[in-house]
Peer 1: 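Here's a structure for you.
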Amino acid sequence: MKFIVSSTYLLKQLQVLGGVINNSNTLPILDNFLFELNNSELTISASDLETTMSSTINVESDSTGSVAIPAKLLLDTLKTFPEQPLTFIVEDNNTIEISSNHGKYALAYANGEEFPKAVALENPSATTLSGDVLSTAISKTIFAAGNDDLRPVMSGVFFQFSTDSLTFVATDAHKLVKYSRSDVSANETAEFIMPKKPLNLLKGILAGTDEDVLIEYNDSNAKFTFDSSVLICRLIDGKYPNYEAVIPKENPNKLTIDRTQFLNSVKRVSIFSNKTTHQIRLKIAGAELNISAEDIDYSNKAEERLTCDYQGDDMQIGFNSRFLTEMLSNLSASEVQLEMSLPNRAGILTPIDGLDEGENVTMLVMPVMLNN
């Protein structure tokens, strides 16, 4: 088996696939890339058993075969080459030889047959989405997903497809983000929970591309096909919590404010907050928002006043500044609205502008008890 390929083109593909490989694998074969050659088509795969991703590239070759090549060794070698053609030849002594313009390098390979096969999805449902829409949906929600191993359903992003819209939801019980698109829809209703790792991979690859992604899914797995790549992953098993029930419907107190100004203020004031609770206090009266924080243990405190547009009763409410900062950073609007009902009920943050037609973002943040 022998093929010739451009060094930078190969490296670019492998760096994307390398994101699938775990630092410590239970099966040694998973530390390898699987190379499957079929004449001029080379398919490279990486897997961690839960997620498998493969890309097909064109090479110069007229042979066929499959080998598993150590991923780290191959990546480290390729990173050092300037752009040039590399020749890969599988030798009889169980090594694969790479020839460059200046030298030869031999790596021991494993049998390609040992590499775990990707799951085949049986009679899946399918939906096609633009890559940019999917990437935006992931980046707008994934930061709100939880990390709690005891509640695996909350550690992923909930995909909810219907015939008139698509909705993506993530929550960790302290904050929640619901992102929906009414300008795209699925052929049939479906819902599933996607784990974070494959979503982060997709987010990176698809950002800014307008090519379509075919999403196929059944009860246990999902498959994303785009360009010349395929990503298959196992879904998180379980029922997603009823998120609609926690979004308060009646919120008479509405605060409208410049997002950047609000974000910078929260960031500054939170430096002076308690390092365990990260608590900041919002005190709203008339057209003035007072943001303050205090760390009693160290006698640190800060307070800032901002002008805002506010309709509602005067109120004081406490939030975890980390959650507010994350949410405000993930919006691209110039102005945002914070809707509240009572100091012990969740606040709802929504962008006022900066959204595409059919795009909708609702963020919910739980308050913290103020110790007056």
Side-chain angles (χ1 to χ4, degrees), residues 125-145 156-171 175-194 198-217 222 224-227 240 243-244 246-251 254-263 308-309 311 324 326-340 346-365:
S125 314
T127 298
T128 304
L129 256 185
S130 135
D132 201 32
V133 168
L134 182 60
S135 169
T136 307
I138 296 169
S139 55
K140 283 269 189 280
T141 50
I142 197 163
F143 75 92
V157 174
F158 184 49
F159 280 45
Q160 204 172 22
F161 291 174
S162 76
T163 47
D164 51 6
S165 67
L166 305 185
T167 304
F168 305 83
V169 182
T171 182
K175 55 184 184 296
L176 178 146
V177 179
K178 174 185 170 189
Y179 177 86
S180 57
R181 301 287 303 220
S182 56
D183 55 341
V184 268
S185 60
N187 312 336
E188 53 190 308
T189 308
E191 39 192 58
F192 52 89
I193 308 168
M194 277 286 294
L199 288 179
N200 273 318
L201 289 166
L202 287 169
K203 180 176 89 168
I205 303 163
L206 297 172
T209 61
D210 46 8
E211 56 183 85
D212 286 346
V213 180
L214 171 67
I215 309 175
E216 295 170 276
Y217 42 91
F224 296 77
T225 310
F226 50 92
D227 199 9
Y240 204 72
Y243 64 89
E244 288 291 357
V246 297
I247 302 177
K249 301 288 178 274
E250 297 292 317
N251 301 297
K254 294 180 175 25
L255 164 78
T256 307
I257 193 163
D258 179 281
R259 180 186 72 91
T260 317
Q261 202 183 6
F262 188 25
L263 173 60
C308 61
D309 181 4
Q311 271 106 32
L324 263 189
E326 273 184 314
M327 295 168 116
L328 289 165
S329 305
N330 264 283
L331 291 170
S332 47
S334 55
E335 282 202 311
V336 292
Q337 184 174 55
L338 181 62
E339 299 176 56
M340 297 157 291
I348 293 181
L349 189 68
T350 47
I352 286 184
D353 50 18
L355 292 177
D356 292 347
E357 190 73 35
E359 199 177 14
N360 201 325
V361 186
T362 303
M363 297 185 168
L364 176 134
V365 58

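The first residue of the sequence shown is numbered 1, and numbering continues consecutively from there.
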Peer 1: Taking the side chain as C-beta and beyond, is there a heavy-atom pair between L202 and F226 under 4.5 Å?
Peer 2: yes
Peer 1: Strictly distance-based, threshold 3.5 Å: is any side-chain N or O of R259 a donor or acceptor partner for the main-chain N or O of L328?
Peer 2: yes
Peer 1: Can you tell me how far apart CG (L129) and OG (S135) are? Round to the nearest 0.5 Å.
Peer 2: 11.5 Å
Peer 1: Between atom CG of D164 and atom CZ of R181, what is the distance when rounded to the nearest 0.5 Å?
Peer 2: 14.5 Å
Peer 1: For the residue pair K249 and I247, establish whether any side-chain heavy-atom pair is separated by less than 4.5 Å.
Peer 2: yes
Peer 1: Closest heavy-atom contact between G354 and S332?
Peer 2: O-OG, 4.0 Å
Peer 1: Indicate the ring-plane relationship of Y240 and Y243, choosing parallel, tilted or perpendicular according to the 30° and 60° boundaries.
Peer 2: perpendicular
Peer 1: Establish, from distance only, whether the side-chain atoms of T127 and Y217 form a donor-acceptor pair under 3.5 Å.
Peer 2: yes
Peer 1: Going through the distances and angles, do F161 and E188 end up as a side-chain contact (heavy atoms from CB on, under 4.5 Å)?
Peer 2: CA-CA 7 Å; F161 291 174; E188 53 190 308; over 6 Å; no
Peer 1: Rounded to the nearest 0.5 Å, how far does CG of D212 lie from CG of L206?
Peer 2: 11.0 Å
Peer 1: For residues I138 and M194, determine if any side-chain heavy atom of one lies less than 4.5 Å from a side-chain heavy atom of the other.
Peer 2: no
Peer 1: Which heavy atom in A145 sits nearest to a heavy atom in G156, and how many Å separate them?
Peer 2: CB-O, 3.7 Å
Peer 1: Could you give the distance from CG (L331) to CD (E326), rounded to the nearest 0.5 Å?
Peer 2: 12.0 Å
Peer 1: Checking the side chain of T141 only, and the main-chain atoms of A137 only, is there a donor and an acceptor separated by less than 3.5 Å?
Peer 2: yes
Peer 1: Are I257 and V336 packed together at the side-chain level, in the sense that at least one heavy-atom pair is separated by less than 4.5 angstrom?
Peer 2: yes
Peer 1: Go through E335 and D309 one step at a time and tell me if the side-chain contact (heavy atoms from CB on, under 4.5 Å) criterion holds.
Peer 2: CA-CA 11 Å; E335 282 202 311; D309 181 4; over 6 Å; no
Peer 1: We want to know whether S334 and D353 form a side-chain donor-acceptor pair, criterion being a heavy-atom distance below 3.5 angstrom.
Peer 2: yes
Peer 1: Hey, is CD on E244 packed in by over 12 heavy atoms from elsewhere, all under 6.0 Å?
Peer 2: yes
Peer 1: For D183 and E357, what are the C-alpha separation, side-chain angles and deciding distance, and is it a side-chain contact (heavy atoms from CB on, under 4.5 Å)?
Peer 2: CA-CA 7 Å; D183 55 341; E357 190 73 35; 5.7 Å; no
Peer 1: Should S182 and N360 count as side-chain neighbours, where that means a heavy-atom distance under 4.5 Å?
Peer 2: no
Peer 1: Measure from the side-chain N and O atoms of Q160 to the backbone N and O of T167, and report whether any donor-acceptor pair falls under 3.5 Å.
Peer 2: no
Peer 1: Please check this pair: side chain of D258 against backbone of Q261, looking for a donor-acceptor N/O pair closer than 3.5 Å.
Peer 2: yes
Peer 1: Is the closest side-chain heavy-atom distance between L263 and S329 below 4.5 Å?
Peer 2: yes
Peer 1: Rounded to the nearest 0.5 Å, how far apart are CG of L214 and OG1 of T128?
Peer 2: 5.0 Å
Peer 1: Return the minimal non-hydrogen interatomic distance between M340 and G347, and the atom names on each side.
Peer 2: CG-CA, 4.2 Å
Peer 1: Tell me if the CD atom of E211 is crowded by more than 12 foreign heavy atoms within 6.0 Å.
Peer 2: yes
Peer 1: Is it the case that the side chain of D132 and the backbone of G208 share a donor-acceptor pair, with hydrogens and angles ignored and the cut-off at 3.5 Å?
Peer 2: yes
Peer 1: Closest approach of A333 and P351, non-hydrogen atoms and distance?
Peer 2: CB-CB, 3.5 Å
Peer 1: Contact between D227 and T209 at the side-chain level, heavy atoms closer than 4.5 Å - yes or no?
Peer 2: no
Peer 1: Can you give me the closest heavy-atom contact between T350 and E339, atom names plus distance?
Peer 2: OG1-OE2, 4.1 Å
Peer 1: Which pair of non-hydrogen atoms, one from I142 and one from V157, has the smallest distance, and what is that distance?
Peer 2: CA-CG2, 4.0 Å
Peer 1: Show your working on side-chain contact (heavy atoms from CB on, under 4.5 Å) between N330 and M363 and close with a plain yes or no.
Peer 2: CA-CA 10 Å; N330 264 283; M363 297 185 168; 4.2 Å; yes
Peer 1: Kindly compute the distance separating NZ (K178) from CG (L364), expressed to the nearest 0.5 Å.
Peer 2: 11.0 Å
Peer 1: Measure the shortest side-chain to side-chain distance between L134 and F159 over non-hydrogen atoms and say whether it is less than 4.5 angstrom.
Peer 2: yes
